[in-house]
There are 2 protein chains.
Amino acid sequence: MKGLIQVYTGNGKGKSTAAFGLALRASGRGLKTIIIQFMKQGNTYGEHFAIAKIENIEIVSFGKPKFVNFKNPSKEDIELVNEAFEFSKKTINSGKYDIVILDEINIALNFKLLEIEKVIDLLKNRPENLEVVLTGRLAPQELIDLADLVSEIVEIKHPYQKGIGAREGIEY
Amino acid sequence: MKGLIQVYTGNGKGKSTAAFGLALRASGRGLKTIIIQFMKQGNTYGEHFAIAKIENIEIVSFGKPKFVNFKNPSKEDIELVNEAFEFSKKTINSGKYDIVILDEINIALNFKLLEIEKVIDLLKNRPENLEVVLTGRLAPQELIDLADLVSEIVEIKHPYQKGIGAREGIEY
């Protein structure tokens, strides 16, 4: 089965969550998934605790407790993103996985914390059977052009419009 | 924590998958979720096999092997949808869950296999702390008006445009 490239982008809730659901479904079929999180700290999200117990899904996070200031990223932020990319490259080329999820990479690409050319090159030269899923707002056009599946999640309504913040177990 | 109403709609891939990811995340926080599938047969999707192994997530499906012809549903199709609704009502009012996912209910509502008034009434009178997630294309406006969070998943690109069919482990 030839692997495809899937992109989940847009400003609405559900992008990373859809990728986690995809990993969950795949695990039910015995497929092996790794989720590589860009600019997210490990062990602070509900998904880490859940995934730790599931066969066939691994999760690795590259991030700091503080959110990245995209308009003025620190040297450390850029280094961490590129470290995540090098890890992704090694992982993709290892041939050990059926699905690789690059969570939040799109936004890093949009703000040029990572060069799009590097990612396009990696995707084009990946093992033939590998499915790659890229999530995050503002996916660059070059990525959309290359992808086989693109879903844009559009925010129609969000609880923060009513002043409700992120809730443990639901949003994180 | 007051429960909210979340709706995932639109023609793109990722609606049910986002709901499964949400259940997965919640399980990592010890929250209890039930997924009630409208018009989908059990034990034929990767998610069933995966969920069977996860604590705190249950899945119940109401459907036949054959797809529903929405423009001309059979009596049996309508009965099964209403059976799923009665089960949902009992489940929601049981107070046993933190999250109830009504998977694909939106499309049943759009094609009038189920009366929207019944669902609105159930949602308005649910236990205060219960989060309810409704998925499926063509969510009715009344539901969007009532919801706290609405994400529309828009299909930008889909592999079937290239003649690639649904793949085991990825799409089902």
Side-chain angles (χ1 to χ4, degrees), chain A residues 1-4 6-10 12-31 45-57 98-99 131 144-145 147-162 164 167-172, chain B residues 1-4 6-10 12-31 45-57 98-99 131 139 144-145 147-159 161-162 164 167-172:
Chain A
M1 186 166 79
K2 199 181 167 305
L4 303 182
Q6 300 193 24
V7 173
Y8 294 87
T9 192
K13 178 175 159 66
K15 298 178 291 291
S16 296
T17 322
F20 299 141
L22 192 142
L24 177 65
R25 171 181 294 145
S27 79
R29 297 286 191 186
L31 299 183
Y45 293 91
E47 51 262 36
H48 289 97
F49 306 121
I51 286 170
K53 296 186 199 163
I54 301 177
E55 260 181 299
N56 295 327
I57 311 182
D98 299 294
I99 302 171
E131 187 92 4
I144 290 171
D145 292 342
D148 303 288
L149 184 150
V150 181
S151 283
E152 183 184 358
I153 287 108
V154 179
E155 178 183 300
I156 305 291
K157 254 186 176 180
H158 197 288
Y160 66 58
Q161 295 165 349
K162 291 190 194 169
I164 299 170
R167 298 162 301 152
E168 179 177 303
I170 308 290
E171 273 85 23
Y172 67 93
Chain B
M1 187 167 77
K2 197 181 167 306
L4 304 183
Q6 301 192 24
V7 173
Y8 294 87
T9 193
K13 179 177 158 66
K15 298 178 292 292
S16 297
T17 323
F20 299 141
L22 193 142
L24 176 65
R25 170 181 294 143
S27 79
R29 297 285 192 189
L31 299 183
Y45 294 91
E47 51 263 35
H48 289 97
F49 307 121
I51 286 169
K53 296 187 199 160
I54 301 176
E55 261 180 299
N56 294 328
I57 311 182
D98 299 293
I99 303 170
E131 188 92 4
I144 290 172
D145 292 342
D148 303 289
L149 183 150
V150 181
S151 283
E152 183 186 357
I153 288 107
V154 179
E155 178 183 301
I156 306 291
K157 253 186 177 183
H158 197 287
Q161 295 164 349
K162 291 189 193 171
I164 299 169
R167 296 162 302 150
E168 179 178 303
I170 308 290
E171 274 86 21
Y172 67 93

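Computed from a predicted structure; not experimentally measured. Each chain gets a letter, A, B and so on, in the order its sequence line appears, and its residues count up from 1.
With a 4.5 Å cut-off on non-hydrogen atoms, Gln161(B) does not touch chain A at all. Lys15(A) does not touch chain B: none of its heavy atoms, backbone or side chain, sits under 4.5 Å away. Interface remark: Lys53(B) contributes side-chain atoms only to the contact with chain A (heavy atom separation under 4.5 Å). For chain B, the nearby part of Leu31(A) is the side chain; its heavy atoms alone come within less than 4.5 Å. Proximity to chain B (any heavy atom under 4.5 Å) is restricted, for Lys162(A), to the side chain, taken from C-beta onward. Interface remark: Leu24(A) contributes backbone and side-chain atoms alike to the contact with chain B (heavy atom separation under 4.5 Å).
If you tally non-hydrogen atom pairs under 4.5 Å between each of Val154(B), Val150(B), Ile156(B), Ile153(B) and chain A, the highest count goes to Val150(B). Contacts with chain A were tallied for Thr9(B), Leu149(B), Asn56(B); Leu149(B) has the most, counting heavy-atom pairs under 4.5 Å. Highest contact tally toward chain B, considering only Ser151(A), Gly30(A), Gly12(A), Gly14(A), is held by Ser151(A) [criterion: heavy-atom pairs under 4.5 Å]. Ranked by heavy-atom pairs under 4.5 Å with chain B, the list Val7(A), Asp148(A), Ile144(A), Ile164(A) is led by Asp148(A). Among Ser16(A), Gly169(A), Ala23(A), the residue with the largest count of heavy-atom pairs under 4.5 Å with chain B is Gly169(A). Of the listed residues (Glu171(A), Glu155(A), Arg167(A)), the one with the most heavy-atom contacts under 4.5 Å to chain B is Arg167(A). Ranking His158(A), His48(A), Lys13(A), Lys2(A) against chain B, the residue ahead of the rest is Lys13(A), based on heavy-atom pairs under 4.5 Å.
At least one donor-acceptor pair closer than 3.5 Å links the side chain of Glu131(A) to the backbone N or O of Leu4(A). A donor-acceptor pair under 3.5 Å links the side-chain atoms of Lys157(A) to the main chain of Ala147(B), judged by distance alone. Of the possible donor and acceptor atoms, one in the side chain of Arg25(B) sits under 3.5 Å from a partner among the backbone N and O of Ile170(A).
With sequence neighbours left out, Glu55(B) forms a side chain to side chain donor-acceptor pair (under 3.5 Å) with no residue at all. Under the ring-ring contact (aromatic ring centres under 6.0 Å, His included) criterion, Tyr172(B) pairs with no residue at all, not counting sequence neighbours.
Of the residues listed (Asp98(B), Ile51(B), Ile54(B), Leu22(B)), the one engaging Ser27(B) in a side chain to side chain contact (heavy atoms under 4.5 Å, CB included) is Ile54(B), and it is the only one.
The two residues Phe49(B) and Gly28(A) have their closest heavy-atom pair at CB-O, 3.3 Å. Residues Ile99(A) and Ala26(A) approach most closely at CD1-CB, 3.4 Å, considering heavy atoms.
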